[in-house]
Amino acid sequence: MIRTRFAPSPTGYLHIGGVRTALFNWLFARRYGGQFLLRIDDTDVGRNQPEALQPILDGFRWLGIDWDEGPEVGGPYGPYYQSERLDRYQAAVKTLLEKGLAYYDYATVEEMKAEREAAERAKRPFLYSRRWMAETPADRARWESEGRKGVVRLKMPREGVCRFYDHIRGDMAVEWTHEADHVIQRADGSCLYNLANVVDDHDMRITHVIRAEEHLSNTPRQIFIAQGLGYELPEYAHVPFVAEPGSKNKLSKRKLAQYLKNPDFRQVYEHGKAIAAVLGLPASAETFNPVIVDFYRQVGYLPDALVNYLLLLGWSLDDKTEFFTRAEMIRHFSLERINKSAASFDAKKLRAFQERYMALEPVERKTELVLPFLQKAKLIPRPAPAEVVQRVMAIVRAAGERIKVAGDILDYDAFFVPTERLNYDDKAFTQHIRKPAANALLRKIRQRLETAAFEAKALELLIQEFAQTEGVKLNDINQPLRVAVTGKAIGFSTYETLALLGREHCLERIDRVLAQTEGL
RNA sequence: GGCCCCGUCGUCUAAUGGUUAGGACACGGCCCUUUCAAGGCCGCAACAGGGGUUCGAAUCCCCUCGGGGUCACCA
């Protein structure tokens with residue numbers, strides 16, 4: 001039975017890079033009918049609060065990445081919070097101590113630092129002198145009586161080579177002497193990541209450790225611990241991290257300002273921000289950031305689009321397949337086809353996937369996706385009455401592929417606000433309405449609309465005929481009309497717009513702009 | 001700096017000794033068109049460099065250069 005895991009720290013948000021690693025773990029487990037679990041890496045602090053975990057769990061659920069064991073679902077190998085597993089770690093430390101694979105050490109932080117710096121000055125690799133390694137209980141007692149605090153360090157081999165196989169990197173070999181005597185237990189008895197991780201992976205029967213490349217250099221010391229504890233080693237696969245737009249640095253949520261210099265990244269961000277502004281969502285970099293998964297949920301992306309994009313960020317099936325259903329991803333996923341080098345995050349390409357996915361959704365589904373956005377913007381009531389849903393569906397149908405993310409429905413607010421609250425885009429107004437010719441044409445077409453049938457096809461014929469008799473281009477009448485009734489120079493078909501709005505609203509709005517441009 | 005990893009169009013990638021180095025996103029042009037999208041067609045654009053091995057190298061070997069990760073009582 002294949003078992004993989006993802007071990008997030010409860011930081012309050014789900015990072016794009018983390019999610020991709022989790023996705024690879026999930027796919028690999030599902031591919032072989034195995035299990036995927038979530039374990040919470042909260043060894044570090046007491047400040048871990050449930051509210052910092054919730055967004056992460058919500059994010060996974062939204063993406064459809066489910067876990068067989070872990071928070072909220074339990075499982076036979078719990079607890080799944082490292083903060084609740086201290087006894088296991090301490091037992092492991094005891095074993096390592098007994099086997100002579102670890103030792104109590106009484107060096108102060110300053111003393112260690114001094115040794116490190118001395119080595120640096122001498123331009124030789126740092127290797128701890130083990131000056132304060134307690135070899136006997138008497139040593140411990142003596143140093144403790146001096147007021148020193150003892151930590152437990154790994155007693156790493158100082159000769160030989162650590163060899164292991166990595167499913168992505170191939171055969172690895174690292175000299176043991178390059179591994180420092182890392183601390184595994186603090187003076188207060190709490191334990192550190194490298195130890196906890198190994199113990200948990202073993203206790204939870206993890207067979208394949210698929211994690212970010214930055215952990216590659218932790219692997220020898222973890223192997224040392226695992227072997228010391230008599231564990232069977234898991235298989236390893238170190239996936240390259242997700243890099244910044246246009247660079248090879250690791251993607252970080254703290255560098256939003258820098259990424260915004262990238263035009264593609266900026267465009268995606270600004271688009272989302274405009275939607276957030278209408279919804280009144282807070283837009284701090286902490287929560288509203290294209291590096292964070294929740295950004296896409298808030299703006300109305302489809303989880304399948306995000307997952308598909310992430311899948312292809314560092315993995316590919318062949319030279320042509322771009323679109324994968326979940327079932328297809330699961331069927332085809334393999335560690336061997338993960339790339340070795342870091343892949344830059346390209347928000348624009350993610351958006352392209354989103355557009356393709358959205359275009360595939362039937363109108364009914366798009367309508368469902370869009371309703372909550374209209375409700376959050378207080379443009380329609382919650383719950384929405386049937387006739388409102390029908391109306392929204394008609395608008396969604398008319399908008400077609402212009403709705404690229406669910407939040408784009410907010411571009412069509414003109415259909416939901418009363419005439420007096422309709423906002424006119426300044427530029428559109430100046431260009432298409434505030435002109436004597438436009439005023440005259442609007443006045444004339446208004447008359448025709450009074451008696452016209454408000455149906456798209458009929459309106460199209462009417463306006464075409466009107467333009468011809470007036471001797472003007474279709475554009476000369478369509479644009480003023482569109483701006484008059486929607487406030488914007490862009491949108492779907494003018495004829496459909498008028499029809500959907502209805503005679504009453506259209507006349508009202510035309511009257512409003514006529515009044516404003518009187519006497520030009 | 002030590003150790004480790006990586007290096008094909010701007011970006012994501014295909015190619016596993018023999019291809020005019022393919023596709024996608026982005027970008028540019030044209031067409032379509034009542035605006036805006038969408039769509040159609042065309043185009044721009046890469047094997048980091050140098051040595052080998054070989055009849056033949058993006059692919060194998062070596063060196064150089066470049067980029068990144070890691071060197072915590074963080075995870």
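All chains are named by letter (A, B, ...) in the order of the sequence lines, taking the proteins before the strands, and each is independently numbered beginning at 1.
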For [N], which nucleotide is its Watson-Crick or G-U wobble mate, given both distances must be under 3.5 Å?
{"N": "B/rA15", "result": "none"}
{"N": "B/rA26", "result": "none"}
{"N": "B/rG66", "result": "B/rC6"}
{"N": "B/rC74", "result": "none"}

Mind checking [X] for me? I need base, sugar-phosphate or nothing, with any heavy atom below 4.0 Å counting as a touch.
{"X": "A/Leu474", "result": "sugar-phosphate"}
{"X": "A/Ala122", "result": "nothing"}
{"X": "A/Arg482", "result": "base"}
{"X": "A/Arg211", "result": "nothing"}
{"X": "A/Phe353", "result": "nothing"}
{"X": "A/Ala343", "result": "sugar-phosphate"}

**Q.** Which residues share a ring-ring contact (aromatic ring centres under 6.0 Å, His included) with A/Phe466, sequence neighbours left out
**A.** none

Whole-angstrom distance between [N] and [M], as gauged at atom [atom1]:
{"N": "B/rG7", "M": "B/rA45", "atom1": "P", "result": "25 Å"}
{"N": "B/rC65", "M": "B/rG49", "atom1": "P", "result": "16 Å"}
{"N": "B/rG18", "M": "B/rG2", "atom1": "P", "result": "38 Å"}

Polar pairs (N or O, both sides) under 3.5 Å between protein and nucleotides 42-47 of chain B?
none

Q: Heavy atoms under 4.0 Å is the rule here; annotate nucleotides 66-72 of chain B 5' to 3' with B where the base is hit, S where only the sugar-phosphate is, and - elsewhere.
A: -SSSS-S

Does any donor atom in the side chain of [X] or [Y] lie under 3.5 Å from an acceptor atom in the other side chain?
{"X": "A/Arg140", "Y": "A/Tyr106", "value": "yes"}
{"X": "A/Asp200", "Y": "A/Tyr89", "value": "yes"}
{"X": "A/His238", "Y": "A/Thr219", "value": "yes"}
{"X": "A/His215", "Y": "A/Tyr193", "value": "yes"}

Q: Applying side-chain contact (heavy atoms from CB on, under 4.5 Å), name anything that partners A/Thr469, two or more places apart in sequence or on another chain.
A: A/Glu465

Q: Mind checking side-chain contact (heavy atoms from CB on, under 4.5 Å) for A/Arg158 and listing every partner two or more places apart, or none if nothing turns up?
A: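 For A/Arg158 the side-chain contact (heavy atoms from CB on, under 4.5 Å) partners, ignoring immediate neighbours, are A/Leu127, A/Tyr128, A/Arg130, A/Asp181.
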
Q: Scan residues 401-411 of chain A against RNA chain B and write down, sorted by residue number, each residue with any heavy atom closer than 4.0 Å; if none is found, say none.
A: A/Glu401, A/Arg402, A/Lys404

Q: Tell me which residues in residues 308-325 of chain A put a heavy atom below 4.0 Å from RNA chain B, sorted by number, or none.
A: A/Leu312, A/Leu313, A/Gly314, A/Ser316, A/Asp318, A/Asp319, A/Glu322

Protein-nucleotides 30-33 of chain B N/O pairs under 3.5 Å:
none

**Q.** A/Arg153 side chain vs A/Tyr103 backbone, donor-acceptor pair below 3.5 Å
**A.**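 Judged by distance alone, no pair lies under 3.5 Å.
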
**Q.** Interatomic distance where CG belongs to A/Asn262 and P belongs to B/rC27 [whole Å]
**A.**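 Rounded to the whole Å, the gap is 12 Å.
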
Q | Residue closer to the 5' end of RNA chain B, A/Thr494 versus A/Phe345 (nearest nucleotide) | A |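 Checking each residue's closest nucleotide, the 5'-ward one belongs to A/Phe345.
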
Under 3.5 Å, which donor-acceptor pairs do the side chains of residues 356-363 of chain A form with other protein atoms, sequence neighbours left out?
unit_1, atom_1, unit_2, atom_2, d
A/Tyr357, OH, A/Asn308, OD1, 2.4
A/Tyr357, OH, A/Phe324, O, 3.2

Q: Check whether any side-chain N or O of A/Ser344 sits under 4.0 Å from OP1 or OP2 of B/rC12, and answer yes or no.
A: yes

Q) Sequence neighbours excluded, which residues qualify as side chain to side chain donor-acceptor pair (under 3.5 Å) partners of A/Gln479? A)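 Expected list: A/Arg482.
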
Q: Can you sort out the partners of A/Asn194 under side chain to side chain donor-acceptor pair (under 3.5 Å), two or more places apart, ordered by chain and number?
A: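 A/Gln222.
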
Q: Please name the pair of heavy atoms, one in A/Tyr495 and one in A/Leu459, separated by the smallest distance, quoted to 0.1 Å.
A: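 Heavy atoms of A/Tyr495 and A/Leu459 come nearest at O-CD1, 3.7 Å.
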
Q) Looking only at heavy atoms, what is the nearest atom pair of A/Gly300 and A/Gln354, with distance? A)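 Distance-wise, the nearest heavy atoms are O-NE2, 3.9 Å.
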
Q.
Let's see if you can work this out: which of B/rC3, B/rU35, B/rC5 has an atom nearest to the side-chain heavy atoms of A/His178?
A.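 For the A/His178 side chain, the nearest candidate turns out to be B/rC3.
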
Q) How are the rings of A/Phe345 and A/Phe265 set relative to one another: parallel (under 30°), tilted (30 to 60°) or perpendicular (over 60°)? A) perpendicular

Review item, side-chain donor-acceptor pairs of residues 239-249 of chain A, under 3.5 Å, at least two apart:
unit_1, atom_1, unit_2, atom_2, d
A/Glu244, OE1, A/Ser247, OG, 3.0
A/Glu244, OE2, A/Lys255, NZ, 2.5
A/Glu244, OE2, A/Tyr259, OH, 3.2
A/Ser247, OG, A/Asn249, N, 2.9
A/Lys248, NZ, A/Ala342, O, 3.0

